[in-house]
Amino acid sequence: MGPEEPRVVRVRYAPSPTGTLHIGGARTALFNYLFALRHGGRLVLRVEDTDQARQVEGSETAMIRGLASLGVVWDEGPDVGGAYGPYRQSERGEHYRRAAAQLLEQGRAYRCFCTAGELEDERQRQRQQGRPPRYSGRCRELDADVAARRAEHEPYVLRLRVPQQGSTVVQDLIRGTVGFENAQLDDFVITKPGGTPLYNFAVVIDDAQMAITHVIRGEEHLSNTPKQMLVGQALGLEVPAFAHLPMILAPDRSKLSKRHGATSVEEYREQGILPQALANYLLLLGWSSPDGQEFMTIAEAGQRFDLARVQRTAAIYDQKKLEWMNGQYLRTLPAAAVAGAALPFVRAAGIDLSQGPTLTAAVELVRERSRTLRELVDNMRFLYQAPTTFDRKGVQKYLAEPVASERLRALASTLFTVAPWDHDHLSQAFDQVAEHLGVKRVLIIHPARMAVTGKTVGPGLFEMLAALGPEKTIRQLNRVADLLDRAEELPLSPALD
RNA sequence: GGCCCCAUAGUCUAGAGGCCCAGGACGCCGGACCCUCAUUCCGGAAACAGCGGUUCGAAUCCGCUUGGGGCUACCA
């Protein structure tokens, strides 16, 4: 027994560029990355774009951007290169051709001239008879020379000669031993006419050539694994270890699709979910930290990650918990970082930052009551723009009394003298006004909030006014008082609750 | 239909025969605090799919049933 060369752990994430980065794919990528982190391994990004018909323009770039935003870092890939490239299947044709030629020559694969239509009819018949749809093996015993001659003028596919005896056993790192009877499999197609490889063929060659040690992927691939192992055996390749992750399902337990709302990393970003929060949430779908900790960075998860702690049960994603987690990040990240993430939303909302406090100050004021960046920006809007509508119930409750405008004016004139304009002095001013008017302080606090923000809810009034500044506060107080005096209808917004 | 995987509260999960009349988190309900909302804190309702085994003892092991999911393409 020679000394075992400790192999460097190499894992890969191999998306098909058919759209944007799906959260299921994102989670798979994340787990691969975590596994690499934990074992000091390398992560390879490989683009599975053999089926040109399904390609979506710009998809690769979108995926790369999505992965990067989540904090997944790969060592090799189409964008960064590496020693095992190329990293796009569309650029690896020669490898597949060579492997296919080898199998054909050795008789482990054979040419099949059946047309797609014939095969479809065959399947149809089998289904009607209640038989499992399998390839009949019609071209299996075709004489090699005859087949070679026909190949000169007839299109054909290559099929793997699958042994009809014995079984193929997958040692899954998450599920344990899973056995498949070879007789259940038919001679599946490995290359299309023209030689373009099919998934179950190309993936084996790529994983072997890229020295992948662990294939960590979604459960939908578990049933494909024996086929790939058979291809590997036929080619005389070493098979990697496998680990099949549970799927992520929609709330109705069906496959996640667009009709269930956001399913891509991009959409969550648009919703105002921070990538850190999404990554953290995804981390918890199917894996749990041994210490029960939930709130953690990718690096921290990388320290503790272990496939043995990955769940076997499919998980349903929960928007509520995602938003809760996002709220946690909104509250704990440095305000400047939150401000940076919020900037695109500020722009989209048409807010002119020169009309109010710094974005960072605004973030500090409202982040405690926001769960998404959208909400955050919505909550800070009044700092930059006077409210254009007023909450209906709030108006009825706090501004309906005839004395309302009088009180607002009294408040405005007292506030005119407040200096410095800060929380404590504002608080004292309200005490003074309340005493002067002979009413409880709350009776002017609520009307003031309504006048200034148009809403009944929001940050503490004094912090809020401190951030708003004296000019805008006083102007808005008087403006609303005027509107009330002229008995004009305040523009109402639908009640919040 | 065939093959494969799975099964703890609404959801994510802890639990690898006695520590569990099942623990944590989100959500939900109630309360405290407060200028509102939110945060925070306190409290509460809520689960081992069913049935048979094995065992002195089963959420944990085995079988069956039921339920859910996946694969069964010249998609990945």
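Every value quoted in this text rests on a predicted model; they were computed, and no experiment measured them.
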Could you give the CH2-to-C1' distance, from A:Trp324 to B:G24, as a whole number of Å? 11 Å
Indicate whether OP1 or OP2 belonging to B:A14 is found under 4.0 Å from a side-chain N or O atom of A:Ser288. yes
Measure from CG on A:Asp252 to P on B:U11 and round the result to the nearest Å. 12 Å
What is the pairing partner of B:U66, taking Watson-Crick or G-U wobble pairs with both distances under 3.5 Å in any strand? B:A7
Atom CG of A:Asn326 to atom C1' of B:A25: distance rounded to whole Å? 17 Å
Candidate nucleotides B:C26, B:G1, B:C35, ranked by approach to the side chain of A:Asp318 - the nearest: B:C26
Could you verify whether a donor N or O on one side chain and an acceptor N or O on the other, from A:Tyr87 and A:Asp206, lie under 3.5 Å apart? no
Measure from the side-chain N and O atoms of A:Asp207 to the backbone N and O of A:Val215, and report whether any donor-acceptor pair falls under 3.5 Å. no
Enter the distance from A:Gln126:CD to A:Arg131:CZ here, rounded to the nearest 0.5 Å. 8.5 Å
Can a donor-acceptor pair be found, under 3.5 Å and without considering hydrogens, that links the side chain of A:Ser167 to the backbone of A:Glu181? no
Distance, C1' atom - from B:C42 to B:G50, rounded to whole angstrom: 38 Å
Are any of A:Gln328's side-chain N or O atoms less than 4.0 Å away from OP1 or OP2 of B:A25? no
What's A:Gly286 touching, base or sugar-phosphate or nothing? Going by heavy atoms closer than 4.0 Å. sugar-phosphate
Rounded distance in Å - CZ (A:Phe295) to P (B:U39): 15 Å
Report, as yes or no, whether the 6.0 Å neighbourhood of atom CD on A:Glu406 holds more than 12 heavy atoms from other residues, nucleotides or ligands. no
Over how many whole Å does the gap from A:Gln319 atom CD to B:C12 atom C1' extend? 14 Å
For B:C61, the Watson-Crick or wobble partner whose two distances fall under 3.5 Å: B:G53
Which part of the nucleic acid does A:Gly179 contact within heavy-atom distance under 4.0 Å: base, sugar-phosphate only, or nothing? sugar-phosphate
Here the distance between atom P of B:U13 and atom CD of A:Gln293, to the nearest Å, is 17 Å
Nearest of B:C37, B:C35, B:C12 to any side-chain atom of A:Val457? B:C37
Could you give the distance separating B:U65 and B:C3 at their P atoms, to the nearest angstrom? 12 Å
Name the pairing partner of B:C19, where a pair is Watson-Crick or G-U wobble with both distances under 3.5 Å, or state none. none
Quick one: do the A:Ser370 and A:Arg331 side chains pair a donor with an acceptor below 3.5 Å? no
Would A:Gln271 and A:Gln319 satisfy side chain to side chain donor-acceptor pair (under 3.5 Å), going step by step from the backbone distance to the final call? CA-CA 11 Å; A:Gln271 278 183 13; A:Gln319 180 78 15; 3.0 Å; yes
Let me know, please, whether A:Arg449 or A:Arg331 comes out on the 5' side of the other along RNA chain B by nearest nucleotide. A:Arg449
Atom P, compared across B:C5 and B:C61: separation rounded to whole Å: 15 Å
Where the side chain of A:Arg371 is concerned, which of B:C35, B:C26, B:G27 is the nearest nucleotide? B:G27
Tell me if the side-chain of A:Arg369 makes a donor-acceptor pair with the base of B:C37, cut-off 3.5 Å, by modelled atom types. yes
Over all strands shown, is A:Pro290 touching base, sugar-phosphate only, or nothing at heavy-atom distances under 4.0 angstrom? nothing
Taking any heavy-atom pair under 4.0 Å as a contact, classify A:Gly292: base, sugar-phosphate, or nothing. nothing
Under a 3.5 Å limit on both distances, the Watson-Crick or wobble mate of B:U40 is B:A32
If pairing requires Watson-Crick or G-U wobble contacts with both distances under 3.5 Å, which nucleotide is the partner of B:C71? B:G2
Please confirm whether the ring centroid of A:Phe295 lies under 6.0 Å from the ring centroid of A:Tyr329. yes
Could you say whether A:Glu368 or A:Lys321 is positioned toward the 5' end of RNA chain B, judged by the nucleotide with the nearest heavy atom to each? A:Lys321
Between B:A9 and B:G24, how many Å separate the two P atoms, rounded to a whole number? 16 Å
Length of the CD1-C1' vector between A:Ile316 and B:A9, whole Å: 13 Å
For nucleotides B:C29 and B:A14, find the distance between their P atoms and express it as a whole number of Å. 27 Å
With the side chain of A:Arg309 defined as its heavy atoms from C-beta on, choose the nearest nucleotide among B:C26, B:C4, B:G15. B:G15
If you measure from the P atom in B:G69 to the same atom in B:A45, how many Å do you get, rounded? 33 Å
Rounded interatomic separation in angstrom, taking CZ from A:Phe180 and C1' from B:C3: 8 Å
Side chains of A:Glu48 and A:Ser16 only: does a donor on one sit below 3.5 Å from an acceptor on the other? no
Can you say whether a donor on the side chain of A:Arg175 sits under 3.5 Å from an acceptor on the base of B:C6, or the other way round? no
Can you give one letter per nucleotide of nucleotides 70-76 of chain B, 5' to 3': B if a protein heavy atom sits under 4.0 Å from the base, S if only from the sugar-phosphate, - if neither? BSSSBBB
Donor-acceptor contact present, side-chain A:Asp391 to main-chain A:Lys455, <3.5 Å: no
Using a heavy-atom cut-off of under 4.0 Å over every strand shown, decide if A:Phe462 touches base, sugar-phosphate, or nothing. base
Quote, to the nearest angstrom, the C1' distance that separates B:U8 from B:G68. 16 Å
Heavy atoms only, 4.0 Å cut-off, all strands: where does A:Gln311 land among base, sugar-phosphate and nothing? sugar-phosphate
Nearest-angstrom distance, C1' atom, B:C20 to B:A58: 11 Å
